[in-house]
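Comments concern the structure below.
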Amino acid sequence: MTIGPVTRSYPNIPPGAFRPAVARRLGSIAPYQPLPLGGAEAANGALLRLDANENPYGPSPRTSEVLSRLEEMYRYHDGDSRRLRQELERFTGAPAESLLVGNGGDELISITAHTLLDPGDMVLVSTPTFSMYALSGRLAGGQVIELPRGEDFSIDLEQVRRAVEAHHPKLIYLANPNNPDGSLAPAETIQALLELPLLVVLDEAYIEFCGQDLGYQASWIRQVAQRDNLAVLRTFSKWAGLAALRVGYGAFPGWMAEAAWTVKPPYNTNLAGEAAALAALQDLEYLSGNVQRLKAERRRLAQEFQRLPYLQIYPSEGNFLLCRVIPNMGPDLPAVKAAMETAGIRLRYFDTPRLADHFRVSIGLPGEMDAVVRVLWKWM
Ligand SMILES: Cc1ncc(COP(=O)(O)O)c(C=O)c1O
């Protein structure tokens, strides 16, 4: 069959015709701030990146070995992550049917919002916290209500109850442990939130750093099957050292799981990420050793920081420490930042008033933490 010339012509879209509508929908939403690239400095080791809560030990040897032998990259992989979900059931105790795997925890945050929200629906976030909750909520058409945490970053239950009564939000996002401070909400707080008429999305990106069992006891993931209003999100980025391979997963209650599968793009993970995650689950002892080393280093760093009168630190259950530079006790935050930059150390700083004089440092190797401490002793 031959196809004849196309005779009918369509008018071109006038340049910029769609711009006002796009601007109306997205104009007021601030995009995620990507990390600056390390580039050549990072490649030759001159830059110490302690701003993204990465795991400096990286993947397990088994993972690297499996990745070096990847085959059949030209074929679509198991887009429903059947094997991985089966292994995750063994790792977490949550049934495979409740689990959905995604492109990092980030994608699960987005899938949750797109599954549940209608335009104009209210979403609660307990700030300061991970910025993707507000961004994903807004991109899914929701309206975000930010509820400030207390001085010690605890959740104010009364404030949440009032917001639920006044605004009828459909969901609340909670990082547990919270980023940037590392606090873990008490079980009674989570329990009280689960009594409210909304979906509680617990983001447990750092839960594997809690306890001695890679977060098995601390996690709420096995509770998902018992309740209709709890979803739990997890990731391989932190404890398993796979941040760049983008593997996260979520456990959803039955009524929501099916809808979340509809929202999930068909091949949202990739062959390498799936293989790496499966290999990590075969190497739990090795990875747990690294997690314990990072926790020991977190304790040591906290002790070192406590010797500096101008620093206030917050107890952390994650692979990071949040610190406040106390005014008039030594250097101010810009001076600390400048000294870190001169030393080639990148920490995380914040542009919100609440965290204006704070920095967050990811826990790295002992030598890397020594480098941070050396800079801070400059003022002693
Ligand atoms: C609380 C929290 N949730 C989710 C993520 C995203 O992790 P992932 O790399 O799995 O997308 C992060 C990353 O820093 C985080 O801090």
Side-chain angles (χ1 to χ4, degrees), residues 31-36 49-56 58-59 81 84 88 92 99-113 123 125-137 139 149 153 155 171-185 190 200-210 215 218-221 231-251 264-265 268-270 272-274 276-277 280 287 294 298 314 316-322 346-350 355 358 360-364:
Y32 184 79
Q33 290 296 327
L35 291 169
R49 291 169 60 171
L50 300 172
D51 56 343
N53 302 340
E54 293 151 344
N55 183 332
S81 311
L84 181 53
L88 283 170
T92 63
L99 298 173
L100 189 149
V101 181
N103 201 259
D106 284 347
E107 191 182 41
L108 275 309
I109 296 168
S110 167
I111 287 176
T112 311
V123 175
V125 293
S126 203
T127 58
T129 194
F130 189 46
S131 62
M132 285 303 291
Y133 309 140
L135 177 58
S136 291
L139 286 173
R149 289 171 176 252
F153 296 97
I155 296 159
L171 72 99
I172 181 166
Y173 281 112
L174 278 188
N176 202 42
N178 191 38
N179 173 8
D181 57 290
S183 62
L184 196 65
I190 308 285
V200 177
V201 182
L202 277 190
D203 178 356
E204 297 186 336
Y206 301 98
I207 202 74
E208 291 83 1
F209 294 91
C210 300
S219 174
W220 283 76
I221 199 163
V232 171
L233 313 183
R234 306 264 296 255
T235 178
F236 281 79
S237 292
K238 314 297 179 179
W239 68 282
L242 295 180
L245 286 172
R246 315 301 303 130
V247 188
Y249 56 101
K264 176 187 103 67
N268 55 332
T269 59
N270 64 75
E274 294 261 339
L287 292 169
L294 289 169
R298 182 184 72 202
Y314 299 87
S316 169
E317 302 273 351
N319 62 340
F320 51 86
L321 270 185
L322 182 71
R346 193 187 281 159
L347 305 180
R348 179 74 157 86
Y349 309 97
F350 305 91
L355 294 175
H358 291 62
R360 191 194 66 199
V361 53
S362 309
I363 305 302

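One-based numbering, in listed order, for ligands and for the atoms of each. Keep in mind that what you see is a predicted model, and the values were worked out from it rather than measured.
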For ligand 1, does Tyr206 get within less than 4.0 Å through its side chain, its backbone, both, or neither, judged by non-hydrogen atoms?
side chain
Under 4.0 Å between heavy atoms, the region of Met132 that gets near ligand 1 turns out to be neither
How would you list, by chain and number, every residue that makes a side-chain contact (heavy atoms from CB on, under 4.5 Å) with Ala52, sequence neighbours excluded?
Leu35, Glu54
Less than 4.5 Å apart, side chain to side chain, heavy atoms only: is that true for Pro180 and Arg348?
no
Residue, atom and distance of the protein heavy atom nearest atom 1 (C) of ligand 1 read Asp203 OD2, 3.5 Å
Residues which pass salt bridge (charged side-chain N to carboxylate O under 4.0 Å, His left out) with Glu204, listed by chain and number, not counting sequence neighbours:
Arg234
Could you see which bit of Phe320 sits under 4.0 Å from ligand 1, with heavy atoms only: side chain, backbone, both or neither?
neither
Shortest protein heavy-atom distance from atom 14 (O) of ligand 1, along with the residue and atom involved
Lys238 NZ, 2.9 Å
Determine the interplanar angle of the Tyr206 and Phe320 rings, folded into 0 to 90°, and report it as parallel if under 30°, tilted if 30 to 60°, perpendicular if over 60°.
perpendicular
Tell me if a side-chain donor or acceptor on Ser362 pairs with a main-chain N or O of Asn53 at a distance below 3.5 Å.
yes
Measure Glu107 to ligand 1 on non-hydrogen atoms and call it side chain, backbone, both or neither using the 4.0 Å cut-off.
neither
Protein contact to atom 6 (C) of ligand 1 [nearest heavy atom, distance to 0.1 Å]
Asp106 OD1, 3.2 Å
